[in-house]
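Report on the structure given below.
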Amino acid sequence: MKQEKEIIFNGEFDDSEEEDDDQSQDQESDEEQTKKKKKKLLQNTNKNLIMNVSDTQYPVVKFVGKMIYKFKLQYVPYQEVNNWDFCWTDNAVLPETLAKMQSHQKINHFPGMYSLARKNHLGKNLNKMQKQFPDEYDFYPRTWMLPSEYNDFKQQFGKAKTFILKPEASCQGKGIFLTRSIESINPTEHYVAQRYIHKPLLIDGLKFDLRMYVLICGCDPLRIYLYKEGLARFATQAYIVPNTNNLDDVCMHLTNYAINKDNPNFIFNSDEKKMDVGHKRSMSSVFQLLRDQNQNVDQLLDDIKDLIIKTFCSVQPILQQNYTQVDNYANNMCFEILGFDILIDSSLKPYLLEVNHTPSFTTDTPLDQYIKKNLIADTITLMNINLKTKNEIIQQKKDEMQKRVLTGKKTKLSTEEKKLIKLQCQKQRDDYESQNKGNYELIYPCSKSYDEYLQHSLKLYEEWTGANIRRNQKKESIQINQEPQNKSQSQPKKIILEKKSTLYKHVQSRINTNLFPTNKNEQNKGNEIIQEGEEQPPNQIDTIPEVDNDNFVPYEDYQQQSLESIKDLCAFTEKQGRELQILDLIQYRKVDNRLNNSHIQQQNVQSILSPLSSIKGVLQGIAIKNVKQFAIRKNNKNVKSSSKQINESEHEKLQENQQKQQIIQSQQLYQQSNPQGMNGAYIKPKVFSLKLSHPPKGYKLQSLPLLIQQNYTKFRYE
C-alpha cells in the first residue's frame, strides 16, 4: 500500500475507458450492447471490483479507484444498474437505494444525513439536546431558526450584538451576511441566525477555521473515526472586531475558501512539503504552531473529539431509522466522510460552525492533492473494499440459500443469536481496522460513556415521530385488559344473558337465600346458614361463594361432585320453603379426561358424564311432580287438591315413570354408541323447563329451566 500511495496525482485524471465506452455505444446496436453488458457482468463479478463514479465530479476519486485500487470504473447511473460493488456519489442517498443494495455492496453516504448537513436541522437537533444538557452542549453558537423563531430572535438585538445569518441549505459561503439591526432581516425568509464569535483565535492577525474530516462507518452502533490531517482556511484580510463599518467585509469575517481565493491577497500553496505557508495550510502545521506557543493542543483535540461524538449522538436515532438493511449484522454497507468546520476562540475553546455531508474534493493546490488523495485511499482500505471480502460474503449467502432450499424454510434467528452474530462481526471488524487504520483515529466507541445523550436523543426522536404515544397506548391497553382479569379472580362477575344463543355459553344461578344444609342442631326456620369453621356434610358444595348485591354467583364456583348433591339441594330447597331460580344451567361441558379408563367407565358411568347430563337425576327426585300438566301460574296461590286430582296425579305418575325410563335408556344407548362424548368431546345440552304444581305453603317458586340430553333433540316441557 505504501508504494501505491506514492503514485503522484497532479489534479487531473482522464479515464480512457469512458471515451471508449461512449464511442462503442454509438456504433453498436441495442442488442449488441445488451449482450456485451451481460458478458461484462459475468466477467467482472469474478475478476474485478466495479466502482460506480457516474455521480461524482472529482477526478481524485476516480484516480484513487483506478490507479491505486485497480477498480473497474462504471459511468452508468447507479440507480439504473445493480452490478457495481462500490459506489461513490456526491449527492444524498435515499433509503430506497440502500434497500435495493446487496450485502456485498457499499456506498459512501448514509440515508438521513440531512439531519446534520442541513444547517436548520443541525440547529434544531442541537437546541433540543441543549435544553436537557445546557453545560454539555455549549460547543456551538446560540442559534435561531427563522422565521419560526423570529420573535425570540428579535428580542436579542441591542447592546451592540452582532449576528451572522446563513441560508438553510447552501455551501461555499453563498448568501451569508452579518447584521446588527433587525430591520435588515426579512421576517418571511428562511435563515439560520447565530451569535457571531467576536473573539476568535488569530494566527498572523488573521481569522481561520479548521476543516476536519470525520468518517462515520456505522450507525447501529455508532462507529466514528477522525482523520489526523485536515485543512486550516484563513481569511485574507486582518481581523478587526465587527462594527457598523466593516460588517460587509466578507474576506475579513468569513474563512470560506470559495470566497477568499478570488481576493488578490490570497497566497496559494505551491509545495506539499511546505504545509505552513499561504492562506490554506495543513491542520497539523497549525497545531504544531500552537504547541510552539505553549498552547494545550491535546486538551483542544479532546474537546473537538467530544463535540464530534455529541453531535452524532443527537441524530443517531434518525440514522438508525433510515438504515434499512436489517440483515447487515456487520454494520458496514454505508460510510460517509463529513467535513466538520471548527472555529477556535481566543480561550482555545472549539465551536462547531456547520457540518458538510459532501466536503469539497477539489485539488487545485498540491496540499489538497496530497491530503485528499490519501484521505480517500485510507477510507477505502479501512472499509475493507476488496475482492476477497466480496467473494466471502457471496459464498455465505449461497450457503444460506442452499440450506433454505434443502430444508424448505428460512431459518429465523432469535434476538440472542443476532446479538452473538453482531458481536462476532464486530470483533472481526475491530481486528481488521486496528491494523488498517492508516491516518485515521478511532474516537468512538471509547472509554467515556455517552449513553445518557443517546437515550435522550432516542426519547426526543420518539416524541417527534409519535412512537412513544403508540407505545404508551399499547401499555395502557395491556393494563386495561389485565384489570378485568384481576377483578374477575377476586370478585364474581355478573353475566347477563341477552340472547338465546348465550344459553349455551354461560352458567349462572341466582340464590335469594342461603340454600345450604346445616347440622340438625343449628336448624332455624327461615334462616339456614353454615357457620364458619364447621365441616360440611359429604357430597355437598365445598365452599359457599360470596353473594353480591344482586345475589348472582357463577355456577362453576359450585363444585358439584355428584348426583346426590343436586338431589339433596333440591330436597332441602323444597323442604325448607326457600325460593330457588336456576336461570341458565347451560354450557358446553367437556367430559373429564382423567376418568377416561375402561374399568372406571363400567363402574361409574354416571359419574363421568357432564354435570349437566346428570341433571336428569332431578327427574327421579322430588322436583318432578307432573311432566305434562305443570301449571304455569302468574300469581303463586295455594291450590287445594281434591281426591279426584290425587287419583289423576297417581295415574300420571305411572306414565311419568315410563317416560322417564325411556329417556334414561335412550341416554345410555347414546353414550355407548358415541364414545367421543366420554373421551372429551363437547356435549350440546338441551333445555328442559319445569315448575312445581303444588308448592309447599309459603313457597314462592318461579320457572326452572333445566337441561337434559337425548340424541341432540330439544325437549321443552312447561
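Below, all heavy atoms of this structure are taken into account, side chains as well, without hydrogens, waters or symmetry copies.
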Hey, is OH on Tyr444 packed in by over 12 heavy atoms from elsewhere, all under 6.0 Å?
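Yes, the 6.0 Å shell around OH holds more than 12 heavy atoms from other groups.
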Check the surroundings of atom CD in Gln293: do more than 12 heavy atoms from other residues, nucleotides or ligands lie under 6.0 Å from it?
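Buried by this count: over 12 neighbours within 6.0 Å.
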State whether the side chain of Gln316 and the backbone N or O of Cys219 hold a donor-acceptor pair below 3.5 Å, judged by distance alone.
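Yes, because the side chain of Gln316 sits within donor-acceptor range (under 3.5 Å) of the backbone of Cys219.
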Asn386: side-chain hydrogen bond (donor to acceptor under 3.5 Å, both in side chains) partners, not counting sequence neighbours:
Asn384, Thr389
As a quick check of understanding, evaluate side chain to side chain contact (heavy atoms under 4.5 Å, CB included) for Tyr191 and Phe177, giving each step before the final call.
CA-CA 11 Å; Tyr191 283 103; Phe177 65 94; 3.8 Å; yes
If you apply the rule side chain to side chain contact (heavy atoms under 4.5 Å, CB included), what do you find for Met333 with His104, and how did you get there?
CA-CA 7 Å; Met333 291 183 65; His104 70 277; over 6 Å; no
Answer with yes or no whether the side chains of [Y] and [X] bring together a donor and an acceptor at under 3.5 Å.
{"X": "Tyr227", "Y": "Asn374", "answer": "no"}
{"X": "Glu229", "Y": "Asn439", "answer": "no"}
{"X": "Tyr440", "Y": "Thr379", "answer": "yes"}
{"X": "Asn436", "Y": "Thr381", "answer": "no"}
{"X": "Gln299", "Y": "Asp303", "answer": "yes"}
{"X": "Gln435", "Y": "Asp431", "answer": "no"}
{"X": "Asn332", "Y": "Asn328", "answer": "yes"}

Quick test of your reading of the model: are Asp276 and Arg281 salt-bridged, counting only N-O distances below 4.0 Å?
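Between Arg281 and Asp276 there is no salt bridge, as every charged N stays at least 4.0 Å from the carboxylate O atoms.
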Establish, yes or no, whether the cationic atom of Lys280 lies under 6.0 Å from the six-membered ring centre of Tyr257 and within 45° of the ring axis.
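Output yes; distance and angle both within limits.
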Relative to Phe163, does Arg180 satisfy both conditions: NZ or CZ under 6.0 angstrom from the six-membered ring centre, and within 45 degrees of the ring's axis?
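Judged by the rule, Arg180 and Phe163 form no cation-pi pair.
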If you look at every heavy atom in Ile203 and Phe234, which pair is closest and at what distance?
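Shortest heavy-atom contact: CB-CE2, 3.8 Å.
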In a table with atom names and distances, give each donor-acceptor pair under 3.5 Å that connects a side chain of residues 125-136 to protein atoms at least two apart or in another chain.
| residue | atom | partner | partner atom | Å |
| --- | --- | --- | --- | --- |
| Asn125 | ND2 | Ser115 | O | 3.1 |
| Asn125 | ND2 | His121 | O | 3.0 |
| Asn127 | OD1 | Tyr140 | OH | 2.5 |
| Asn127 | ND2 | Gly123 | O | 3.2 |
| Asn127 | ND2 | Thr143 | O | 3.4 |
| Gln130 | OE1 | Tyr140 | OH | 3.4 |
| Gln130 | NE2 | Tyr137 | O | 3.1 |

Assign the ring pair Trp88 / Phe86 to parallel, tilted or perpendicular, where the plane angle (0 to 90°) is split at 30° and 60°.
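Taking Phe86 first and then Trp88, their aromatic rings stand perpendicular (interplane angle over 60°).
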Stepwise side chain to side chain contact (heavy atoms under 4.5 Å, CB included) check, Tyr78 with Ile107:
CA-CA 10 Å; Tyr78 69 92; Ile107 196 166; 4.2 Å; yes
Assess the residue pair Tyr225 and Glu433 against the criterion (side chain to side chain contact (heavy atoms under 4.5 Å, CB included)); give the C-alpha distance rounded to whole Å, side-chain angles, the decisive distance to 0.1 Å, and a yes or no.
CA-CA 11 Å; Tyr225 282 90; Glu433 292 179 356; 2.5 Å; yes
